[in-house]
Amino acid sequence: MDAPITKFEPGLGKTLVCIEYPGRVVNVDKMIYTLGGIRNISTAYCEKNRRLELRFRPDDVFCKPACGDKHQTSAVLLKVKVRRKKTDETVSTKARVVGKVNSVFRFSNLCDFQYLPMHAPPNDPMKMECIYKTLVPEGMTPLSWIQKPAMYFLPPAAFSRMDTVQGYMYRKDAPSEATIPHNIIGRTRRRRSIHAIFVNFDVPEIPRKPRDMALKLLQVKFLEEQHLSVVRKLFEERPVWSKYALLCRTQFSSDQLKYLLPSVAYYFVTGPWRVMWVRFGYDPRKDTSARVYQTLDYRLRQKGGMKTKVKAKRSYTNYLLPYKLTPACQAKVALLNKELPCSEGESSSKPKDPLEMFVESNYVFKPGMVPPSRQMFYQYCDVHVPEIQEMMEKLPLPLPDTKCHERDGWLPSGFADQCREIINNLVVEILKTVGPADESMTSEASTSRKPGGVSESSESEEQDEDEDIDDVGEWEVDLDDLQDESLT
């Protein structure tokens, strides 16, 4: 039986990170260079689920890295000194604790996905030549280097989404082609439907009530009647809402509203009220007063340094390939939030984190403010600009035989462009006061749309990853069919 430790080792106060390098280390500096340097090692250690990249050819830009996963461990690094005689006889052994190890990077994945810049000459097809120097310039090359001929070399952007050995579960053949979804690209599992009703502008009749499965999901997700009553009360006050506006007014989480909204309203995919939730039984195409709830697609395109002052909703500059992150396959747990928003004049005893609360600027525009992103979907009633509100009041009522336009709704043609220009001028004036702007920096509001009235990112803004467009157009679908398959 080993004797217990009676004293604290000085080295235990130092925390180290272990890297199980898949190779023989002769030069430590070269080993760190293949890992991307100390900076990349620190980034992989500090960021959550970030993998450590190892490039066996660090000077080759086409080298695909082998990634190591970070694991938690409990280990101790020992430094052992052994004194020997010339006859290899051990004289004494001394061990010292260097530090404790809490994290370790292990390269246990496949690393043979490589695409080399090689070419077979016509005179000798069996011999491969390296064409790396003809593809990548070295140093400051003259302009004539671009005009020189080069071999065809186009490596793939990503070899595989996974670099670990996977157990493939073969599926049974479908009984008929009719049950196969139309779009099966990127499907790794059958998408879960929240049984929301998505309609197009040209549907003959709007839905009158929610699906039974949508109401059953409220009980499964532990959402109580008091949560549903709050949302219903807001739709009684105003029949058309955006999701961001409801997030701000209710202070519910996005996951909660994802299941509450299909029980109260349906979703418009196209038309003047696109990306908006409309109360069941209310048809804005037959009510001229619904023009104040129409969608105003405002986009601010900027050049130069001004684009950094207003961020985009999505940024692909910091996109990481899937194999660079450790997959987090943890099941989502429904959170029950029994706290309801306080009424006016009533303060909550527990202060909320302002970063977690949805602010009014996510759906309301006022003079003197800058939109939180370069593309916003406003409702005309939430654009608190006196000039625009005055224009709305002076609009004459449509004639009784007038039909609702698929693009302009109940508003005259060109009205949205005028509103965008007014908002654009207000935003540019505010941005000019933020910092120095170059004369070449210009800004314009874009009115580009897809055919059918859908903006380039209108659907993706409101639809969650787990949401599914059950039907677009004809919304009458059997509930039994929705339990078995989801239509796109």
Side-chain angles (χ1 to χ4, degrees), residues 17-70 104-164 302-308 311-312 314-326 438 440-441:
V17 180
C18 177
I19 300 177
E20 296 182 359
Y21 193 81
R24 181 185 177 188
V25 179
V26 179
N27 190 322
V28 179
D29 295 334
K30 291 184 178 180
M31 183 268 295
I32 295 178
Y33 183 58
T34 58
L35 295 174
I38 298 297
R39 182 183 295 273
N40 288 344
I41 296 176
S42 301
T43 302
Y45 174 75
C46 297
E47 293 187 6
K48 185 179 180 181
N49 295 335
R50 186 66 179 269
R51 308 175 81 183
L52 181 62
E53 299 181 8
L54 167 61
R55 300 180 185 271
F56 294 100
R57 306 186 312 277
D59 296 329
D60 187 358
V61 296
F62 302 109
C63 177
K64 180 185 179 300
C67 298
D69 298 322
K70 183 170 63 174
V104 57
F105 286 93
R106 295 191 177 98
F107 295 85
S108 57
N109 303 325
L110 301 176
C111 60
D112 54 352
F113 294 100
Q114 301 296 331
Y115 201 81
L116 302 178
M118 306 294 289
H119 174 71
N123 53 2
D124 191 1
M126 301 301 295
K127 182 181 179 182
M128 301 297 293
E129 295 180 353
C130 181
I131 59 174
Y132 185 79
K133 293 184 179 180
T134 62
L135 301 173
V136 181
E138 296 180 356
M140 297 296 294
T141 58
L143 184 61
S144 59
W145 181 87
I146 303 178
Q147 302 176 356
K148 293 182 180 180
M151 300 296 177
Y152 176 76
F153 182 73
L154 187 62
F159 291 88
S160 176
R161 295 184 62 88
M162 296 172 290
D163 54 2
T164 56
Q302 301 173 339
K303 300 180 180 179
M306 291 181 66
K307 66 181 180 180
T308 60
K311 298 181 179 180
R314 294 181 181 86
S315 178
Y316 298 98
T317 57
N318 298 326
Y319 174 73
L320 291 177
L321 293 175
Y323 65 84
K324 293 187 177 182
L325 291 176
T326 303
D438 189 69
S440 62
M441 299 178 185

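As the structure is a prediction and not an experimental result, all values here were calculated from the model. Counting begins at 1 with the first residue of the sequence. The basis for the numbers below is simple: all heavy atoms, side chains too, and nothing from hydrogens, waters or symmetry mates.
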**OP:** Quick one: do L116 and F62 satisfy side chain to side chain contact (heavy atoms under 4.5 Å, CB included)? Show the steps, please.
**Re:** CA-CA 7 Å; L116 302 178; F62 302 109; over 6 Å; no

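- Residues P117 and L135 are in side-chain contact: their nearest non-hydrogen atoms beyond the backbone lie under 4.5 Å apart.
- When the side-chain contact (heavy atoms from CB on, under 4.5 Å) test is applied to D29, the partners found at least two apart in sequence or on another chain are N27.
- Residues satisfying the side-chain contact (heavy atoms from CB on, under 4.5 Å) test with P121, not counting sequence neighbours, are N123, D124, E129.
- Using a distance-only test at 3.5 Å, with no hydrogens or angles considered, a donor-acceptor pair links the side chain of R55 to the main chain of C63.
- Considering every non-hydrogen atom in both P22 and F107, the closest pair reads CD-CD1, 3.6 Å.
- Residues E53 and C67 share a closest heavy-atom pair of CG-SG, 4.2 Å.
- With rounding to the nearest 0.5 angstrom, the CG atom of D59 is 10.0 Å from the CD atom of E138.
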Please tabulate, for side-chain N and O atoms in residues 140-154, each donor-acceptor pair with protein atoms closer than 3.5 Å (sequence neighbours left out).
none

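- Annotation for K64 and Q114: closest pair O-NE2, 2.9 Å, computed over non-hydrogen atoms.
- Among N49, N109, L52, the one residue that satisfies the side chain to side chain contact (heavy atoms under 4.5 Å, CB included) test with D69 is N109.
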**OP:** List the steps, then state whether side chain to side chain contact (heavy atoms under 4.5 Å, CB included) holds for Y132 with D60.
**Re:** CA-CA 8 Å; Y132 185 79; D60 187 358; 2.9 Å; yes

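- The two residues A120 and P125 make their nearest non-hydrogen contact at CB-O, 3.6 Å.
- Residues forming a side chain to side chain donor-acceptor pair (under 3.5 Å) with Y115 (at least two apart in sequence, or on another chain): none.
- Summarising the geometry, atom OG1 belonging to T34 is positioned 8.0 Å from atom CZ belonging to F56; distances are rounded to the nearest 0.5 Å.
- Partners of R106 by side-chain contact (heavy atoms from CB on, under 4.5 Å), not counting sequence neighbours, listed by chain and number: E20, H71, V104.
- With rounding to the nearest 0.5 angstrom, the SG atom of C18 is 10.0 Å from the CZ atom of F105.
- Remark: N40 pairs with no residue by the side chain to side chain donor-acceptor pair (under 3.5 Å) rule, at least two apart or across chains.
- Within the model, atoms CZ of R24 and CE of M31 stand 14.0 Å from one another, a figure rounded to the nearest 0.5 Å.
- Here the straight-line distance linking atom CG of L35 with atom CD1 of I41 works out to 4.5 Å at 0.5 Å rounding.
- From I32, atom CD1 reaches atom CZ of R39 across 14.5 Å, with rounding to the nearest 0.5 Å.
- In this structure, R50 and K70 have side chains that are not in contact, with every pair of non-hydrogen atoms separated by 4.5 Å or more.
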